[in-house]
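Quick note: numbers below take in every heavy atom, side chains included, and nothing from hydrogens, waters or symmetry partners. Within every chain, numbering begins at 1; the chains are lettered A, B, ... in the order of the sequence lines, protein sequences first and strands thereafter.
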Number of protein chains: 4
Amino acid sequence: MCTALSFNQFFGRNLDYEFSYGERVAVTPRNYDFHFRHLDKHESHYALIGMAHVFEEYPLYYDAMNEKGLGMAGLNFVGNAKFYEAKEGKNNVAAFEFISWILSQCASVKEARVVLENTNVCATPFNEHFPVAELHYMISDENESIVVECMEDGMHVYDNPTHVLTNNPPLPMQLFRLNDYMYLSNKQPENNFGLDLTAYSRGFGAMGLPGDLSSGSRFVRVAYTRANATSDKNDLSQYFHIIGSVEQQKGLCEVEPGKYEYTIYTSCCDLRNGIYYYTTYNNRQISGVNMFNEDLDGETLISYPTIEEEMVHMQN
Amino acid sequence: MCTALSFNQFFGRNLDYEFSYGERVAVTPRNYDFHFRHLDKHESHYALIGMAHVFEEYPLYYDAMNEKGLGMAGLNFVGNAKFYEAKEGKNNVAAFEFISWILSQCASVKEARVVLENTNVCATPFNEHFPVAELHYMISDENESIVVECMEDGMHVYDNPTHVLTNNPPLPMQLFRLNDYMYLSNKQPENNFGLDLTAYSRGFGAMGLPGDLSSGSRFVRVAYTRANATSDKNDLSQYFHIIGSVEQQKGLCEVEPGKYEYTIYTSCCDLRNGIYYYTTYNNRQISGVNMFNEDLDGETLISYPTIEEEMVHMQN
Amino acid sequence: MCTALSFNQFFGRNLDYEFSYGERVAVTPRNYDFHFRHLDKHESHYALIGMAHVFEEYPLYYDAMNEKGLGMAGLNFVGNAKFYEAKEGKNNVAAFEFISWILSQCASVKEARVVLENTNVCATPFNEHFPVAELHYMISDENESIVVECMEDGMHVYDNPTHVLTNNPPLPMQLFRLNDYMYLSNKQPENNFGLDLTAYSRGFGAMGLPGDLSSGSRFVRVAYTRANATSDKNDLSQYFHIIGSVEQQKGLCEVEPGKYEYTIYTSCCDLRNGIYYYTTYNNRQISGVNMFNEDLDGETLISYPTIEEEMVHMQN
Amino acid sequence: MCTALSFNQFFGRNLDYEFSYGERVAVTPRNYDFHFRHLDKHESHYALIGMAHVFEEYPLYYDAMNEKGLGMAGLNFVGNAKFYEAKEGKNNVAAFEFISWILSQCASVKEARVVLENTNVCATPFNEHFPVAELHYMISDENESIVVECMEDGMHVYDNPTHVLTNNPPLPMQLFRLNDYMYLSNKQPENNFGLDLTAYSRGFGAMGLPGDLSSGSRFVRVAYTRANATSDKNDLSQYFHIIGSVEQQKGLCEVEPGKYEYTIYTSCCDLRNGIYYYTTYNNRQISGVNMFNEDLDGETLISYPTIEEEMVHMQN
């Protein structure tokens with residue numbers, strides 16, 4: 001499945017799956033025409049950068065940010081996601097366009113909230129070969145995060161004080177579950193048991209934190225990790241450590257005999273500087289693409305392949 | 001605290017602590033004189049490479065391998081480690097010399113077992129400023145791992161089928177504890193509960209795996225992760241993913257107000273090729289030092305500083 | 001807090017609290033006038049038996065059944081329960097009358113569903129000294145159980161396939177939480193870990209079952225216990241064993257210094273035979289009151305004190 | 001498996017198994033001849049009362065106390081128990097005689113320690129049909145408890161500050177395991193998580209307490225329950241509540257298809273008054289046999305059947 005994280009100026013996600021559809025770091029300049037299915041032409045819009053499956057020069061974004069510092073990611077929400085029929089009087093946006101729709105016009109979460117009010121996310125497929133993915137979304141700027149869940153009973157927009165998202169169940173249940181873990185601490189526990197006991201190692205304060213890869217357990221773990229992580233000039237590194245706490249190692253989640261879900265890539269949008277950082281499963285080094293190094297006034301999609309081989313720095 | 005891991009040809013550890021003593025990747029060539037405190041001069045010996053605090057050209061190794069492909073690491077074992085007085089008729093080795101003593105003469109775990117039989121690890125400090133560290137040790141070649149624990153009741157040498165080590169309690173108790181987790185699986189569980197239930201996400205098979213940073217929980221988690229990890233041509237990457245499962249993120253283990261234990265570095269000895277790989281907390285990229293690129297017949301210690309700043313690869 | 005359980009012909013609850021308001025086993029005969037606050041007089045109704053605080057000959061039932069074999073219990077639902085203003089066109093029933101209202105006229109869960117459709121549970125207090133308790137309700141006959149939760153967003157009537165109820169959170173979240181425990185089994189687990197491990201005792205199949213007294217953990221534990229419990233001619237005994245799995249021992253839940261919540265009584269309605277069984281914290285022996293041994297055509301409440309001292313049977 | 005508990009003046013156990021060998025409450029008077037296999041006749045001894053399988057007038061005690069207030073119980077210790085060959089110069093006692101041997105001559109745990117120093121527990125079977133049971137033992141008076149474990153490496157006598165015992169692993173590992181649970185509390189937890197969270201029910205302080213029936217989990221649960229239980233004039237009731245926390249409900253531990261281990265009986269020796277209390281799975285009421293109501297100077301075993309049917313007290 002997947003995990004999204006916002007941590008100060010950094011926003012991104014783990015993409016966990018058993019195979020890659022082939023993705024590239026794609027920069028959409030301001031005058032690229034998205035050809036929204038149900039909407040008129042956007043003359044010009046904010047430039048975007050993010051990870052996308054690029055099909056015939058069209059970017060199907062998994063996660064991205066825009067030049068104003070707003071980020072958005074779509075994560076699996078299988079069995080709960082439900083998109084709608086087009087409705088008159090609404091801005092009808094196909095689910096596959098949703099990230100581009102928001103990021104092309106909103107400079108902040110605050111603006112996104114307003115646009116969402118009149119947005120209807122439609123179950124329009126990209127084409128006959130690409131079924132509509134069942135997703136929910138996290139939208140973050142440097143200051144706040146919200147989650148959008150389109151379900152049977154309508155579209156929900158939730159504040160997300162944890163700044164993390166995984167998959168099922170819906171966010172309100174994930175948030176509620178955290179209550180069970182309120183006692184977790186980065187300090188050694190007191191001995192309340194009523195017998196003479198001792199903490200025989202450091203790190204005793206989080207006994208009970210789940211370590212498995214289910215979406216519920218990953219939510220608790222990454223929320224706890226983020227809530228306790230220090231922040232300093234090395235926040236880019238720290239971001240990767242936080243989201244690394246819920247990385248899926250290859251072999252630990254078998255989806256069919258011999259096929260394993262694992263963290264295909266981890267992305268990290270520097271919302272302040274327009275740089276899209278990422279690592280891949282077989283390359284720990286952080287790679288980066290800076291949107292501002294491209295001609296953002298163009299009309300044509302620019303994209304870079306991901307680096308999939310371990311880039312080792314030999315010191316001798 | 002710390003975690004050691006052996007995974008096929010790769011051996012190394014996380015060093016977890018709240019500050020660094022200053023460590024370098026140190027190559028000890030064959031004719032370097034270790035000046036063993038209680039022993040005669042070793043005329044010549046196997047060359048070593050590893051992470052060490054280097055004091056006046058002397059390498060105090062935390063973990064290392066030799067040119068034959070044997071690796072050894074010392075990990076905190078506070079409250080349980082007990083070193084001894086020098087004994088006549090034994091090879092008396094100061095605890096700070098123990099890694100060098102074994103690696104300078106043993107080409108395999110099998111040879112190490114023989115040498116250990118007549119070894120007495122002594123509580124001789126390096127100097128008045130460096131007290132004797134309370135450690136236990138994992139020794140691994142490509143095929144097997146053993147653990148050496150010097151305790152009040154004598155030196156124990158244990159087979160270690162898990163190929164991992166953390167800290168307290170002693171290995172037999174850590175191994176026994178794994179029994180409680182035998183049900184963990186990388187497959188989705190069956191529904192045995194007696195009600196109509198569903199696995200609402202992937203990765204449900206390891207419900208109950210602990211996620212905290214205590215030494216007992218890290219042992220279970222890394223042992224489980226290693227036992228299920230796939231192996232292929234990307235084993236170097238995979239090694240870092242496995243040991244990353246028990247990384248200590250800064251902020252999650254407070255040892256005094258505002259001071260946090262974290263994974264200062266992660267090392268990975270390529271036992272087959274003599275390359276010492278490592279990452280540091282603020283540099284995800286794997287750096288490497290190849291012992292065979294040095295003059296291994298020299299007498300002088302060679303060492304390289306660790307890289308502590310994030311080395312990002314910009315693609316544009 | 002509390003736990004309710006339906007198991008074949010037996011229905012009842014643990015009442016967990018830090019002190020008793022004084023309760024008696026109260027039989028309401030068919031011609032007793034309930035004086036419903038917002039409703040006309042019920043000329044005659046089903047007879048009831050249950051545990052009640054009796055105030056000036058009025059039974060404030062905590063849990064009860066009627067002569068037709070329908071049972072109902074109210075359990076704490078603090079922070080979530082919300083009762084309503086009286087509404088025209090509805091049967092307005094004060095919360096304190098709700099159990100009597102349902103049991104006086106419904107012979108089955110099926111009939112209760114119909115009555116509930118036109119019922120509006122009101123926040124009318126019994127008197128100025130008895131504030132409205134925040135409760136939710138389980139209603140069971142021998143075949144099915146439902147739960148009624150009156151909340152901010154309206155009254156919910158849920159099927160309850162677990163046949164158990166505790167307290168917060170609302171039932172849908174409690175039911176969802178069970179998914180995390182689908183792997184629990186009354187059989188020994190397979191060893192999936194990838195190492196040579198052994199189940200060193202019996203009862204290994206439910207590793208991970210929570211043992212604490214929070215309402216979420218009690219829900220999982222009693223649902224699991226009920227789902228696996230055998231059933232035979234000793235079902236009365238078995239009922240007490242099942243609900244005993246979530247008993248609150250005195251001392252384990254401190255609500256203020258020196259005050260402890262504990263299981264004040266455990267009740268068990270024999271829905272088939274009209275016998276109200278119960279035990280108290282200090283008397284393990286099951287006591288019983290048979291409604292059919294009373295004159296059920298009367299107009300006056302009949303009640304029996306609970307037995308609070310250990311009734312030991314000496315064999316010599 | 002089984003659980004033993006000492007709580008102030010009360011001592012006893014749960015006997016958990018899938019079938020009963022047939023047991024009776026047996027009083028051994030002072031002049032009964034035990035015919036110790038390897039020892040001379042004990043002319044006279046303390047009188048005993050306890051639960052035993054009685055074979056041809058010989059009591060094979062599972063648990064018992066003597067007239068001086070010392071209690072002793074044998075619990076399964078399969079795979080770890082090892083009894084010995086008879087040794088010259090030792091008091092050689094067959095394992096099946098061990099409880100009678102200690103209780104017939106020791107008035108306190110202190111005296112038992114002395115007798116144990118020269119005792120050698122032998123693997124002598126009772127007869128060809130009764131193989132030697134693999135057991136370990138708890139011995140308690142009102143003030144202290146010890147555990148005796150005869151293993152491959154010799155007989156161990158451990159202080160037992162928990163006053164509880166279950167089965168595998170050996171006591172030192174069980175005690176060590178408690179360290180992981182030192183944070184458990186009967187008070188509500190503080191919120192340390194770093195987010196705004198709430199304890200939505202009472203009883204939140206013991207999140208993480210295991211609820212399953214394995215011997216390791218039962219040890220933690222009953223030790224925690226005992227350590228927090230209040231004590232007052234109702235300690236007899238409280239004893240049954242504490243040990244009830246690890247009762248095995250029928251159906252939850254399948255040992256072969258359709259066969260379940262469950263708590264066949266729970267015993268409670270009143271060490272101060274010589275009364276042996278017990279309950280059985282199908283009779284919650286406490287039954288009792290008072291040794292001092294028998295002629296304790298006799299030579300003949302006296303025994304009472306256990307009551308196996310629910311003794312309900314009808315109030316009308």
Side-chain angles (χ1 to χ4, degrees), chain C residues 1 79 167-169 186-187 200-204 206-216 221 225 228-230 234 236-238 240-242 244-245 247-255 260-261 277 279 281-282 284-290 293-294 304 307 310-316, chain D residues 1 79 167-169 186-187 200-204 206-216 221 225 228-230 234 236-238 240-242 244-245 247-255 260-261 277 279 281-282 284-290 293-294 304 307 310-316:
Chain C
M1 318 294 278
N167 314 100
N168 288 332
N186 62 6
K187 296 179 180 58
Y200 55 83
S201 94
R202 292 169 164 191
F204 246 60
M207 283 279 178
L209 182 67
D212 68 282
L213 296 180
S214 69
S215 52
R221 194 157 72 255
T225 302
N228 285 278
T230 57
N234 296 303
L236 175 63
S237 305
Q238 186 71 323
F240 280 95
H241 289 294
I242 297 169
S245 69
E247 182 198 50
Q248 296 196 198
Q249 298 86 6
K250 201 183 272 186
L252 274 76
C253 179
E254 192 178 71
V255 294
Y260 302 97
E261 181 169 294
Y277 296 109
T279 58
Y281 196 75
N282 286 325
R284 292 184 73 75
Q285 187 186 19
I286 300 170
S287 299
V289 176
N290 188 335
N293 288 349
E294 306 296 332
Y304 292 87
I307 299 174
E310 202 68 60
M311 305 283 275
V312 175
H313 170 73
M314 291 303 298
Q315 287 183 266
N316 73 343
Chain D
M1 317 294 277
N167 313 102
N168 289 333
N186 61 5
K187 297 179 179 57
Y200 55 84
S201 94
R202 291 169 165 193
F204 246 60
M207 284 280 178
L209 182 67
D212 68 282
L213 297 180
S214 69
S215 52
R221 194 157 71 257
T225 303
N228 285 278
T230 57
N234 296 303
L236 174 63
S237 305
Q238 186 72 322
F240 279 95
H241 289 295
I242 297 169
S245 69
E247 183 198 49
Q248 296 197 197
Q249 297 86 7
K250 203 184 270 187
L252 274 78
C253 178
E254 192 178 72
V255 294
Y260 303 98
E261 182 169 293
Y277 295 109
T279 59
Y281 196 75
N282 286 326
R284 292 183 74 75
Q285 187 185 20
I286 299 170
S287 299
V289 177
N290 187 336
N293 289 349
E294 305 298 332
Y304 292 86
I307 299 175
E310 202 68 61
M311 304 284 275
V312 175
H313 170 74
M314 291 303 298
Q315 288 182 265
N316 72 345

Of all heavy-atom pairs linking D:Met311 and C:Gln285, the shortest is O-NE2, 2.8 Å

Side-chain heavy-atom pair C:Thr279, D:Arg284 within 4.5 angstrom cut-off: yes

Which heavy atom of D:Asn168 sits nearest a heavy atom of C:Tyr200, and at what distance? ND2-O, 3.0 Å

With only heavy atoms counted, which part of C:Tyr281 is less than 4.5 Å from chain D, the side chain, the backbone, both or neither? both

From the list D:Gln249, D:Gln248, D:Glu247, side chain to side chain donor-acceptor pair (under 3.5 Å) with C:His241 holds only for D:Glu247

From the list D:Gly216, D:Ser245, D:Ala229, D:Gly211, the residue making the most non-hydrogen contacts under 4.5 Å with chain C is D:Gly211

Atom pair CE (C:Met207) and CG (D:Asp212), whose distance is rounded to the nearest 0.5 Å: 5.0 Å

Main chain of C:Ser287, side chain of D:Gln315: is a donor-acceptor contact present, judged purely on distance under 3.5 Å? no

Of the listed residues (C:Ile307, C:Asn282, C:Asn293), which shares the most heavy-atom pairs with chain D below a 4.5 Å separation? C:Asn282

Per side-chain contact (heavy atoms from CB on, under 4.5 Å), C:Phe204 is matched among D:Ser215, D:Ser214, D:Cys253 by D:Ser214

Can you give me the closest heavy-atom contact between D:Gly251 and C:Thr230, atom names plus distance? CA-CG2, 3.7 Å

Quick one: are C:Met314 and D:Asn290 in side-chain contact, heavy atoms under 4.5 Å? yes

Name the member of C:Gly288, C:Ser201, C:Ala206 that forms the most heavy-atom pairs with chain D at distances under 4.5 Å. C:Gly288

Short side-chain donor-acceptor distance under 3.5 Å, C:Asn234 and D:Glu310: no

Could you tell me the separation between the CG atom of D:Asn228 and the OH atom of C:Tyr260, rounded to the nearest 0.5 Å? 8.0 Å

Chain D heavy atoms under 4.5 Å from C:Asn167: which part of the residue, side chain, backbone, both or neither? neither

Side-chain heavy atoms of D:Asn316 within contact of C:Glu294, under 4.5 Å: yes

Roughly how far, to the nearest 0.5 Å, is CG of D:Leu209 from CZ of C:Arg221? 7.5 Å

Under 4.5 Å from any heavy atom of chain D, what part of C:Val255 do you find: side chain, backbone, both or neither? side chain

